[in-house]
Amino acid sequence: MTQKTPQNRPRPGKPAPKGSFKSRPKAKPAPKPQAKPQAGTPEGDRIAKVLARAGVASRREAEKLITAGVVTVNGKVIDSPALNVTARDRITVDGQPLAAAEPMRLWLYHKPTGLVTTHKDEQGRPTIYENLPDDLPRVMSVGRLDLNSEGLLLLTNDGELKRKLELPSTGWLRKYRVRVNGRPTDATLEPLRKGIEADGEIFQPMIVNLDRQQGANAWLTVGLREGKNREIRRAMQEIGLNVNRLLRVSYGPFQLGQLKEGEVEEVRPRILRDQLGLGPAPETEETPAKPGKPAAKRRPPRVPRRKP
């Protein structure tokens with residue numbers, strides 16, 4: 001005797017009628033346990049980071065100050081940057097109390113030739129810091145431009161921002177107008193586009209365009225995402241070209257534009273935070289400005305131009 005198939009159960013080989021079964025709700029995954037702070041992890045931030053954030057120096061330079069024995073925490077001289085501090089700690093540098101960190105700021109500076117990008121030069125050459133406007137606070141340069149290079153140099157009062165913008169991982173393209181002596185062709189420049197080695201150091205591929213030939217010289221536009229010492233000049237020498245003028249025209253989203261030689265212009269806080277992806281700033285950090293008015297420009301004493 002044949003057994004009857006239950007009404008709601010499909011026969012083998014036949015599709016189930018619509019609405020025959022109700023799918024069982026999927027079980028919700030168990031919530032992931034929240035990571036607990038490791039026992040013994042000190043609170044606060046590394047001392048070098050705090051010094052950099054307060055504008056004392058870059059993090060690397062702050063570490064040198066610490067090892068030099070000029071930094072104290074709660075009255076005790078420290079000799080290692082492996083220390084976390086909080087707002088409760090009393091910090092001094094060269095006997096002076098550490099000032100509270102100021103809002104992060106960034107300036108565009110049109111560096112002339114004939115100035116070195118350092119606070120003090122062992123050879124006694126003039127530095128950019130000796131020629132900046134007097135009303136500018138203590139600033140640090142983002143990267144460098146060598147003695148005979150000119151153009152856009154970013155300045156900041158924040159050591160952490162300096163460090164972030166200098167890292168290749170930030171991915172910001174730096175563009176230069178470069179004048180070389182010679183008559184290069186696209187084939188001449190191709191090794192730069194593929195990456196080249198100079199003096200045992202490997203340079204990443206560059207973006208290189210031949211703009212025009214002007215007598216015995218040629219103008220190029222060069223883009224790179226790292227900033228090794230004299231990178232463009234050394235790479236050009238490897239392919240037989242000598243650079244006789246080098247002008248940086250942009251650093252990431254920031255442009256030299258019409259900024260005149262020696263002038264300084266501050267980036268509006270809102271624009272800076274937008275470019276860094278930080279979102280709106282607290283009201284206390286915003287500098288109110290009238291719509292349509294450009295940021296104030298400051299002009300220091302002019303520096304005599306040196307021949308390259």
Can you find a pair of side-chain heavy atoms, one from [X] and one from [Y], that are under 4.5 Å apart?
X: Y129; Y: S141; answer: yes
X: Y109; Y: L154; answer: no
X: R105; Y: E266; answer: yes
X: P269; Y: M104; answer: no
X: I239; Y: L189; answer: yes
X: T117; Y: T127; answer: no
X: L220; Y: N209; answer: no
X: V77; Y: V71; answer: no

I need the minimum non-hydrogen distance between [X] and [Y], along with the two atoms involved.
X: F203; Y: A198; result: CE1-CB, 3.7 Å
X: G143; Y: L153; result: O-CD1, 4.0 Å
X: V264; Y: P133; result: CG2-CD, 3.8 Å
X: E43; Y: R88; result: OE2-NH2, 2.7 Å
X: P184; Y: L210; result: O-CD2, 3.4 Å
X: V139; Y: H119; result: O-CE1, 3.7 Å

No-hydrogen, no-angle side-chain donor-acceptor test under 3.5 Å, [X] and [Y]:
X: Q214; Y: W219; answer: yes
X: N181; Y: N217; answer: yes
X: T113; Y: N148; answer: no
X: N244; Y: R179; answer: yes
X: R233; Y: S149; answer: yes

Working to the nearest 0.5 Å, report the span between [atom1] of [X] and [atom2] of [Y].
X: L256; Y: K175; atom1: CG; atom2: NZ; answer: 13.5 Å
X: L152; Y: L108; atom1: CG; atom2: CG; answer: 5.5 Å
X: N157; Y: K162; atom1: CG; atom2: NZ; answer: 12.5 Å
X: W107; Y: F254; atom1: CH2; atom2: CZ; answer: 12.5 Å
X: Q237; Y: I232; atom1: CD; atom2: CD1; answer: 12.5 Å
X: K111; Y: I128; atom1: NZ; atom2: CD1; answer: 8.0 Å

For this session: Tell me, with the steps shown, if L276 and L165 meet side chain to side chain contact (heavy atoms under 4.5 Å, CB included).
Result: CA-CA 9 Å; L276 297 176; L165 298 187; 3.8 Å; yes
[X] (side chain) donor-acceptor with [Y] (main chain) under 3.5 angstrom:
X: T156; Y: D158; result: yes
X: E263; Y: K260; result: yes
X: Q275; Y: P253; result: no
X: H110; Y: L259; result: yes
X: N242; Y: G182; result: no
X: R125; Y: L147; result: no
X: E231; Y: K228; result: yes
X: R212; Y: A218; result: no

For this session: Test side chain to side chain contact (heavy atoms under 4.5 Å, CB included) on N84 and D45 and set out the steps.
Result: CA-CA 5 Å; N84 280 32; D45 293 313; 5.7 Å; no
Exercise. When you look at L192 and V222, which way does the side chain to side chain contact (heavy atoms under 4.5 Å, CB included) test go after all the steps?
Worked result: CA-CA 10 Å; L192 303 179; V222 179; over 6 Å; no
Salt-bridge contact [X]-[Y] (side-chain N to carboxylate O under 4.0 Å):
X: E150; Y: R248; result: no
X: R234; Y: E238; result: no
X: R60; Y: E63; result: no
X: K64; Y: E61; result: yes
X: R230; Y: D199; result: no

Exercise. Residues in salt bridge (Lys or Arg N to Asp or Glu O under 4.0 Å) with R163, at least two apart?
Worked result: none
Decide whether [X] and [Y] are clustered together by the hydrophobic rule: side chain heavy atoms of Ile, Leu, Val, Met, Phe, Trp, Tyr closer than 4.5 Å, transitively.
X: L161; Y: V56; result: no
X: L155; Y: M140; result: no
X: L173; Y: L246; result: no

Problem set entry | side chain to side chain donor-acceptor pair (under 3.5 Å) partners of residues 68-83, not counting sequence neighbours, each pair once | T72-T92, N74-D89
For this session: Step by step, work out the side chain to side chain contact (heavy atoms under 4.5 Å, CB included) result for L224 and I207.
Result: CA-CA 6 Å; L224 47 84; I207 301 170; over 6 Å; no
